[in-house]
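Shown next, in structure tokens, is the structure this report addresses.
Throughout, protein chains are lettered first and strands after them, A, B, ... in sequence-line order, and every chain is numbered starting at 1. All of these numbers come straight from a predicted model, not from anything done at the bench.
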There are 2 protein chains.
Amino acid sequence: MHVKTLCLGALSLADSTGYDIKKLFESAFSHFQNASFGSIYPSLRKLEDEGAVTCHVEPGDRHPDRKRFSITRQGLQALVDDLSHTPATELVRSDFLVMLFFAHLLPTDVVQQKLDEIEAHYRMELDYLQSIRSDARMTAGMRYGVEQGIAVYQAKLKHLGKHRDALLASHHLPPSATQD
Amino acid sequence: MHVKTLCLGALSLADSTGYDIKKLFESAFSHFQNASFGSIYPSLRKLEDEGAVTCHVEPGDRHPDRKRFSITRQGLQALVDDLSHTPATELVRSDFLVMLFFAHLLPTDVVQQKLDEIEAHYRMELDYLQSIRSDARMTAGMRYGVEQGIAVYQAKLKHLGKHRDALLASHHLPPSATQD
DNA sequence: TCGAACATGTAAAAGGTTACATGATTAC
DNA sequence: GTAATCATGTAACCTTTTACATGTTCGA
């Protein structure tokens with residue numbers, strides 16, 4: 001999913017500045033997409049060139065001009081086309097599971113620390129999603145994303161709680177960790 | 001997680017060719033990491049330059065020389081260091097959830113089709129993970145990855161089954177989809 | 001015979017992140 | 001007064017994917 005499409009999506013909800021869009025990505029979207037300023041600002045520029053958005057400059061008294069972008073009819077059409085033609089995929093990249101895959105090569109305390117890290121991460125994401133759960137402004141589709149996130153993090157936490165001890169108990173340092 | 005680290009990991013399990021490594025990524029790893037030939041072959045070259053792997057060329061009778069790589073002591077140490085220093089993270093990128101987030105802009109049949117697509121995807125991944133579940137060669141850490149995958153896909157399928165009808169029932173085409 | 005699997009590799013293109021540069025405003 | 005937030009933007013860097021180039025072997 002291109003950052004351009006993500007920006008069009010954000011602008012379909014409300015006129016926004018680049019900064020606003022970043023905040024939206026960090027809140028509503030954070031558990032399944034994200035983008036940095038370094039990709040958002042150039043995307044908005046390109047979208048303007050293509051006529052997908054218009055820009056209204058609010059002159060900065062002393063700070064940088066605030067550029068508020070609005071989606072155009074063409075932009076909305078482009079968004080609908082992009083969303084319709086993008087295959088429904090979900091991609092996971094887990095450095096945590098890679099680490100566990102090779103955990104038999106690592107000292108027990110490192111594995112333990114990684115388990116703590118990931119548990120804290122799961123809990124934080126879960127808490128956040130639960131805190132926004134009751135926001136009435138969400139559409140059914142938005143709510144689905146939040147609820148799926150909650151279900152998934154709960155499943156991961158449950159799994160972790162269930163297997164953590166066995167994992168660490170069965171863990172033995174390789175005999176040749178420091179020799180060889 | 002760099003492809004170099006992933007290659008070292010693969011080679012810690014068995015001496016392999018680039019092609020073998022790709023197959024490992026497609027099987028054991030596929031639900032949480034992947035890499036293409038275009039990154040694997042250059043990574044192996046760099047690892048050889050760094051002394052992390054050695055290469056034994058099996059001359060090709062008529063096909064390209066088969067290069068079988070082995071991890072060295074330094075390579076194993078580098079792998080352990082990488083794994084120990086890489087933060088335990090999990091990153092999700094879901095084009096599906098982005099689409100749903102803006103589903104109120106899309107025709108009902110498109111949304112329905114995307115739900116079918118993602119359901120097929122979930123089922124395929126789940127079936128695959130269940131098929132390798134009983135492989136006795138897995139370490140506890142490897143098994144954890146498989147079992148977490150199973151738990152997560154089951155949670156996603158359950159969630160989909162539970163909310164699918166409500167999602168489609170509440171779905172209305174925006175009045176200005178083609179006008180405006 | 002035809003497609004899939006085996007096998008390696010390069011080059012271009014794409015895309016994004018990180019870091020930097022700058023500075024005002026607001027809340028503690 | 002000091003840290004966080006508001007606000008925009010560029011450029012270098014990094015990494016990876018995609019597409020191409022080449023040819024064999026094996027099974028249906």
Look at A:Ser36 and C:dT18 and indicate whether a side-chain polar atom (N or O) is within less than 4.0 Å of OP1 or OP2.
-> no
Atom-to-atom span, CD of A:Glu48 to C1' of D:dG9 - whole angstrom | 14 Å
Side-chain N or O of A:Arg68 closer than 4.0 Å to phosphate OP1/OP2 of D:dA7 | no
Phosphate oxygens OP1/OP2 of C:dC6: is one of them under 4.0 Å from a side-chain N or O of B:Thr17?
-> no
Give the rounded distance in Å between these two atoms: CD1 of B:Ile21 and C1' of D:dT16.
-> 17 Å
Within a strict 4.5 Å, meaning less than it, do heavy atoms of the A:Gln130 and A:Arg133 side chains meet?
-> yes
Sorted by position of nearest nucleotide on DNA chain C, 5' first, the leading residue of B:Asp20 and B:Arg93 is B:Asp20
Considering only heavy side-chain atoms of A:Ser39, the closest of C:dC6, C:dT10, C:dG16 is C:dG16
Side chain of B:Tyr41: nearest nucleotide among D:dT16, C:dG9, D:dA7?
-> C:dG9
Can the ring centres of A:Tyr153 and A:His31 be said to be less than 6.0 Å apart?
-> no
Between atom CZ in A:Phe37 and atom P in C:dG23, what is the gap in whole Å?
-> 18 Å
Does the side chain of B:Lys67 get closer than 4.0 angstrom to OP1 or OP2 of C:dG9 through an N or O atom?
-> yes
Would A:Lys4 and A:Asp82 pass as an ion pair if we require N to O under 4.0 Å?
-> no
More 5' along DNA chain C: A:Val3 or B:Arg45, using each one's nearest nucleotide?
-> B:Arg45
Separation of C:dA14 atom C1' from A:Met1 atom CE, nearest Å, is 17 Å
Name the nucleic acid region contacted by B:Gly18, choosing base, sugar-phosphate or nothing; use a 4.0 angstrom heavy-atom cut-off, strictly under.
-> sugar-phosphate
Centroid-centroid distance, A:Phe69 to A:His56, less than 6.0 Å = no
Take atom NE2 of A:His2 and atom P of D:dT16, then tell me their distance rounded to the nearest Å.
-> 19 Å
Take the protein atom NZ of A:Lys22 and the nucleotide atom P of D:dC6, then report the distance between them rounded to whole Å.
-> 12 Å
Can you tell which of C:dT10, D:dA7, C:dA7 lies closest to the side chain of B:Tyr19?
-> C:dA7
Rounding to a whole Å, what distance do you find between A:Lys46:NZ and C:dG15:P?
-> 8 Å
CG of B:Leu6 versus P of D:dT16: gap in Å, rounded?
-> 9 Å
Please determine if A:Lys22 forms a cation-pi arrangement with A:Phe37, meaning its NZ or CZ atom is less than 6.0 Å from the six-membered ring centre and no more than 45° off the ring axis.
-> yes
